[in-house]
There are 2 protein chains.
Amino acid sequence: MSPKVSKEHLKQRRAKILEAAKEVFIKQGYEHTTMKHVMEAANVSRGGLYQYFSNKEDLYEAILENNLSNEVTENQDSLENEVDSYWDLLMTRIFGDDMDPDDNMDPLAPSNLEFFITGRNDERRRMYGKARYQDGYKLYADVIKAGQQNGEFSLKYDSDIIARTIVSFIDGLAVEHAILPLEILKMKEQSELFVEYLKLALEVK
Amino acid sequence: MSPKVSKEHLKQRRAKILEAAKEVFIKQGYEHTTMKHVMEAANVSRGGLYQYFSNKEDLYEAILENNLSNEVTENQDSLENEVDSYWDLLMTRIFGDDMDPDDNMDPLAPSNLEFFITGRNDERRRMYGKARYQDGYKLYADVIKAGQQNGEFSLKYDSDIIARTIVSFIDGLAVEHAILPLEILKMKEQSELFVEYLKLALEVK
DNA sequence: TATTATAACGACACTGGTGTCGTTATACAA
DNA sequence: TTGTATAACGACACCAGTGTCGTTATAATA
């Protein structure tokens, strides 16, 4: 139905598929979506889909890649400009601009958990997960370190450990957010308590 | 090959299967184990296995049931005898007798995460998960409440929220324990920091 | 010892998902 | 306008896993 198209067209098609696929994964989760689901959502034939992605794992990794690079570009220059409050910066990194832990939850998070947990015995997947974890907590560690050097935060605890704790906290919330009905979750209260905790650990204000 | 056997024999056979199945799930995870794997590990035929459990979900729930009732009986009477330190009690509830967060990690935890996360769109599974969550955090909430009434803990925060935070912390660790290679994990440091946090929140000592 | 209820068996049919491949239609280059 | 490279298609063969069911062997019973 269509041949020898411009690079641009190829990119767009690919992007369309990715977008559709992402929706499907969000709705159904990683394990329970099949290539057929994606085909239907993206209006591609089987053959068409496999032209772009050689299997479900490949497809999902492409989505992860996309998301990650989005986040990185979003966050990267915020440390380069001068910062008037590292605390505020840290808070927005954790909870997003609107400070709402709910809104900041990546809708793909549950699928990500699936992807990495069910794939935990696969070497490739493990390495991938490890890399993402490192990147993830470095995001926080950098802010904390900068804040410590600046004197805004106490040096009482290693920035590394605090950063890990933040990631861990978010992972914990992600699990519960994925599993539990919202009514019983009380994300806000838990987040507030966690913030108190960070204040103490960093001896802020 | 064998008929009309005593109830006892049936129970033992069932228990044997469960034990073998549990090992398989621990090793392979929930999603990637098949009934065939279990058959082989438990030395049962297909028909034999299906006589006891009507599918993988059923089988897994039986294992969960087992584990849960073990834990409950382990913990239930510790609050009835008088307690000289609720803090110590809380610590052993969280970290086990030997205070080693690593050892206290349920080897089935990763599979549990799989089970509940991949099943999050299934009504039945959701309800099941919810019930377990409630039971889980009540375990901590009760100790905290008792400690607060006793005056050992501060009333500054609601016991409920603190209990949830504990569960959340454990879930977070479980995720990372499942995914990441041990070398980069630093469970101990994270746990220690968390304990500091609890001390502050409960204003203990 | 003979009878019987049934635990255990394993072949089977079925399902759903995968990746491939030969074919078709067409955007671009000449 | 024609020729060609190839995007897109969908039928197909294949595989892995599931749950069932008729058969077989035997522990308990009388």
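Just so it is clear, the model here is predicted, and its values are computed rather than measured. The chains referred to below are lettered A, B, ... by the order of the sequence lines, with proteins before strands, and numbering in each begins at 1.
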Novice: Identify whether any heavy atom of Phe53(B) sits under 4.0 Å from a base atom; if not, whether one sits that close to sugar-phosphate; answer base, sugar-phosphate or nothing.
Specialist: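 Nothing, no heavy atom under 4.0 Å.
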Novice: Between Lys56(A) (NZ) and dG16(C) (P), how many Å, whole number?
Specialist: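 After rounding, the reported distance stands at 16 Å.
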Novice: Using a cut-off of less than 4.0 Å, is there contact between a side-chain N or O of Tyr52(B) and OP1 or OP2 of dA8(C)?
Specialist: yes
Novice: Whole-Å distance between dG17(C) P and Glu40(A) CD?
Specialist: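 My rounded result for the distance is 10 Å.
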Novice: Choosing from dG19(D), dC9(D), dA8(C), which nucleotide comes nearest the side chain of Arg13(B)?
Specialist: dA8(C)
Novice: Who passes salt bridge (Lys or Arg N to Asp or Glu O under 4.0 Å) against Asp160(B), sequence neighbours left out?
Specialist: Arg164(B)
Novice: Among the nucleotides dC9(C), dC9(D), dG19(C), which one has an atom lying closest to any side-chain atom of Val44(B)?
Specialist: dC9(C)
Novice: Any idea which of dT18(D), dA11(D), dA7(D) is nearest the Gln51(A) side chain?
Specialist: dA7(D)
Novice: Of the candidate nucleotides dA7(D), dT18(D), dA8(C), which contains the atom at the shortest distance from the side chain of Thr34(B)?
Specialist: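 The nucleotide sitting nearest to the side chain is dT18(D).
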Novice: Okay, side chain of Ser111(B), backbone of Phe25(B): is any donor-acceptor separation there less than 3.5 Å?
Specialist: yes
Novice: Taking everything shown except Asp98(A) itself, do over 12 heavy atoms lie less than 6.0 Å from its CG?
Specialist: yes
Novice: In whole angstrom, give the distance that lies between atom CD of Glu57(B) and atom P of dG17(D).
Specialist: 18 Å
Novice: Surrounding NZ of Lys138(B) (heavy atoms of other residues, nucleotides or ligands, distance under 6.0 Å), is the total greater than 12?
Specialist: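 Atom NZ in Lys138(B) is not crowded, with 12 or fewer foreign heavy atoms closer than 6.0 Å.
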Novice: Quick one: which of dT18(D), dC9(D), dG10(D) gets closest to the side chain of Met35(B)?
Specialist: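 Output: dT18(D).
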Novice: What's the NZ-P distance between Lys36(B) and dT18(D), to the nearest Å?
Specialist: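 Distance check: Lys36(B) NZ to dT18(D) P gives 10 Å.
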Novice: Would you mind reading off the distance between Tyr50(B) atom OH and dA11(C) atom P, rounded to a whole angstrom?
Specialist: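 Atom-to-atom, Tyr50(B) to dA11(C), this comes out as 16 Å.
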Novice: Among the candidates dC9(C), dA11(C), dA8(D), find the nucleotide nearest to the side-chain atoms of Ser45(B).
Specialist: dC9(C)
Novice: Tell me the interatomic distance from Ile17(B), atom CD1, to dA7(C), atom P, rounded to whole angstroms.
Specialist: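 In whole Å, dA7(C) P and Ile17(B) CD1 are 12 Å from each other.
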Novice: Check the distance between dT18(C)'s P and Leu59(A)'s CG and give it to me in whole angstrom.
Specialist: 11 Å
Novice: Could you check whether Arg125(B) makes a cation-pi contact with Phe116(B), meaning its NZ or CZ is under 6.0 Å from the centre of the six-membered ring and within 45° of the ring axis?
Specialist: no
Novice: In whole Å, I'd like the distance from the CG atom of Leu10(B) to the P atom of dA5(C).
Specialist: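 Those two atoms, CG and P, are 17 Å apart.
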